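Below is one structure; the comments refer to it alone.
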Amino acid sequence: MDITCTNPLRIGLRQERVIPPQCLVIFGASGDLTQRKLIPALFELFKQRRLPSEFAVVGCARRSWSNEEFRRRMSTALTEQIKQNKTEWEIFSSYLFYEPVDLQKSQDVFKLGKRLEAIDQLKATHGNRTFYLSVAPKFYASGCKALSEAGLLNDPKRNRIVIEKPFGRDYSSAQQLNKVVQSCAIESQIFRIDHYLGKETVQNILVLRFANSIFEPIWNRNYISNVQITSAETVGVEDRAGYYEGSGALRDMVQNHLTQMLAITAMEPPGHFDPESIRNEKAKVLQAAHLANELEPWECCVRGQYKEGGNQANPLLSYREEPGVNPNSTTETFVAMKLFVNNWRWQGVPFYVRTGKRLAKRVSEVVLNFREAPVHLFDAAGGSPTSNQLVLRIQPNEGAEFRFDVKSPGSGMRSRPVEMEFSYDESFGEPFDDGYVRLLADAMLGDPTLFTRSDEVEAAWRLYTPLLELIEDSPWQLPIYPYESRTWGPAEADSLLAKDNLLWRRP
Amino acid sequence: MSPQLTLQTPLQLPATEIPSYLKQLWNNEESDNKGANTFCLLVWQPAWIEQQLISVGKITGPIIGNQREEVIEAAREIVLEKELPHCTAPLDQKVSASLENKKITTKHEDLRGQHIDSSISQLQPRRLITLAPTIEKKNQLETLVAAYCPLPEDGGNSACGDVIVLRGGIDSIKSNLKMVEELIPEDLPSWLWWNGSIDENPEIFEMVALPIRRLIIDTALGEPSKCLSLLQKSIENEQTVNDLNWLRLRTWRETLAMVFDPPHRRTILNDLINVDIDIEGDNPVQGLLLVAWLADRLNWKMTNTLKQDSGGVKTEFIRSDNKKVTFRLMPLPVGKPSIHPGQIIGLRLISKTGTSPKNDVCVILASESGECMRLEAGGMASKELIEEVVPIQNNSSEMDVARLLSTSRGSTSPLLANASPLASKLLNMITASKEVKN
């Protein structure tokens, strides 16, 4: 045993909650998400001995595959993971089944019901079923209806439904979708997934804030001058042009992932760590949040689109040259904006949010910039005094760092900033998953803590309604600024902060 | 968490009528209320010390059976009054043995089985069957039954279950055990929580601890060799077994694992040369389970050398690189021991990587600062010192059982299964060495 690779004393110590006998039904099983995320996450749960022996995965899609074909395809998709775990895969793959289903055809869904009954008998899954809608968003409503009409959501204790993002395209469509879904199942059966909430580092924001007594007293407008939330990608649109052209950065990233990070960063402490207490607090923050200038949204929001970049050896295409993208596309691949949260804790503290593709670095982080010391007694080595800064690194290099001033060595009394750092890697040395492992387990356990509730989703859409309306009605008022690939977005994004005498943190 | 009473006053029925009453109870309900589809928990609940303390007038009734502060404090007083060693834990059999089994003269309510700890009721057991033997051996059997619906703390859904109590003298309970089997739903997992000393009433234990039952025992309660032997026998027979004494070790194992979570510290584990464990009193089981877990995790082999003197028990392991690791188990006469016998209060690991003591590392985990200082003695301060405080677990047994029920996969923990045989062998060596000495 190479004890430097893994901590031998850690093995088997975690007391995870036990997933009850379960049948997970994945709609869209022939799709990318199933093979890239869902099946690998389930296999990981299996390796961690977290799946019950009474377990089954039923893949559903329109293609007429057999069980064997489905298993073979999943095995091909997971080649790397299986290499080291052949025996485990052999057992795990025996849990995989396939049923051809077109969610638009009621007879298919009824047939699926019969198949699930047979699998219940075969695998003793006790009628506990989690339905995962990994299908195109336009099928969410009809998918739920079909399941409901087939009686597959009848038992609120045993049947659940997981819905991928995006949940709606705007406030009214989200309301409409909620209405339909809630007519098919009660809220406790509905799990709206946002995989960012499954990330250790996002959950760590809650622990950092509410398990330590030193942060919460200063986590407010008296001590914090501004908050910056960044989620930057280096990749372009890749093969998602079909989807991305219709959504853009605002719908793809800001309304869900970044808004959830904002909610967790800004929420009040819940009375208990239970799903409703946490979701109540998140919903309250989102209801209190608004764009810095709702009447003139162009004053607080910048949109951008990446141009070509790279170098001669490795040239990068502009967004409009990407396969599947309209050459005159006005879809934003970058967005930066300024928000406020109107409550006692955050009144007057700007929250700056930015996300984009083809930026300089892949990084997601929440940065809390503290107010400067009221009196500067010392000369700053860097020319001007620095304020304290707490950086919560979501990915990569997961961890946190705190910047504060110390005395610069030598004669005199000059101050300079240093960093105190916590790194998950150095402290725990364990690999991270992308959130699906945790969220799939939670959904099967019926724990909705890390899933978004209907009012949260609606509040998040409502928050961006002035922008969405502006883009829809008079897009020229919110122009698309081009930016060179692998830079930090258009210069106008910097101007957004410069107006407040601030700078984006360069991660 | 406060205990919950059954919502319905338990009905006293003749034993033979209980199955039909329960059938009627659930069948009469609306079709969608068939009771919780969870598990059945059978509890051996003698509560001898509580009954004895009431009989000698140390505490007043009712008899509840759940671990409560009043009983623990009164038991501590008995330790002093009966001049037992000060390190005797209040739940030690010696306390019970020192009390006479007086007949309870005044009438006290006996609520055993009806006072469900909320940590357990939140798990919504389908059926709780309590075997409640009385001090009075000749008491006739009384059987009580009640339906109950736990009130969920989080406001979520609740599923109902029922409680059954069989109360009476040992003989009357023994002669009705067949009926108990009939009351256990076949289609649900069934657990037996032996909430008493492992070596008491072996006949009843044999009758209720059927192979299909998942056992919950406490190896801190009972004669150590019998406790470890039962543990090992169950593992060998592939019967699911859970040990509360092992569960109480989790903070030690967790804290020790935390010390070695940073990758740069993991190499220290390759070079360990000493393991010292201090325990309260003289029950060695928990200490042996901890070192057995460590040895198993680090691939150490046992040797046959063992020394016993005033410095405790000393033995050696061989590391995978054939170097020796010395292990010492030291019983300490503490003034106010924790509730359970033989709890660990200190652990020290010493690692030697070169000739200079500066390169050596000493890891000390202790339950209090005095113990930290004790383990620091002998030049430990000259080494790189890693110290952590591990508070002793004083959770009630009910909370520990609830934790087990909610996290168990229905099989024996592989870590316990691996550690238990090694702990047994170590104990056998200690016992043999004592016999030679005598």
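Naming: A, B, ... by sequence-line order, numbering from 1 per chain. Values in this document were obtained by computation on a predicted structure and should not be read as measured data.
Put simply, OG1 on A:T6 and CZ on B:F260 are 14.0 Å apart, with the number rounded to the nearest 0.5 Å. Of the inter-residue distances, the one linking A:N7 atom CG with B:R266 atom CZ reads 5.0 Å to the nearest 0.5 angstrom. To the nearest 0.5 Å, atom CG of residue B:L415 and atom CD1 of residue A:I11 are 8.5 Å apart. The distance from the NE2 atom of B:H264 to the CD atom of A:E426 is 8.0 Å, given to the nearest 0.5 Å. Within the model, atoms OG of A:S427 and CZ of B:R265 stand 9.5 Å from one another, a figure rounded to the nearest 0.5 Å.
With hydrogens and angles ignored, the 3.5 Å screen pairs a side-chain donor or acceptor of B:R297 with a backbone N or O of A:P8.
Taking every heavy atom of both residues into account, B:P263 and A:G429 meet most closely at CG-CA, 3.6 Å. Heavy atoms only, all atoms of each residue included: B:S411 and A:R49 are closest at OG-NH2, 4.0 Å.
Other residues, nucleotides and ligands place no more than 12 heavy atoms under 6.0 Å from the CD atom of A:Q84. Annotation for A:Q182: atom CD counts as buried by contact number, over 12 foreign heavy atoms lying within 6.0 Å.
Side chains of A:L9 and B:D261 form no contact here, defined as non-hydrogen atoms less than 4.5 Å apart. The closest side-chain heavy-atom distance from B:E254 to A:R10 is below 4.5 Å.
Both the backbone and the side chain of B:L256 come within contact range of chain A, each with at least one heavy atom under 4.5 Å from a heavy atom of that chain. When heavy atoms are compared at a cutoff of 4.5 Å, A:H272 does not approach chain B at all.
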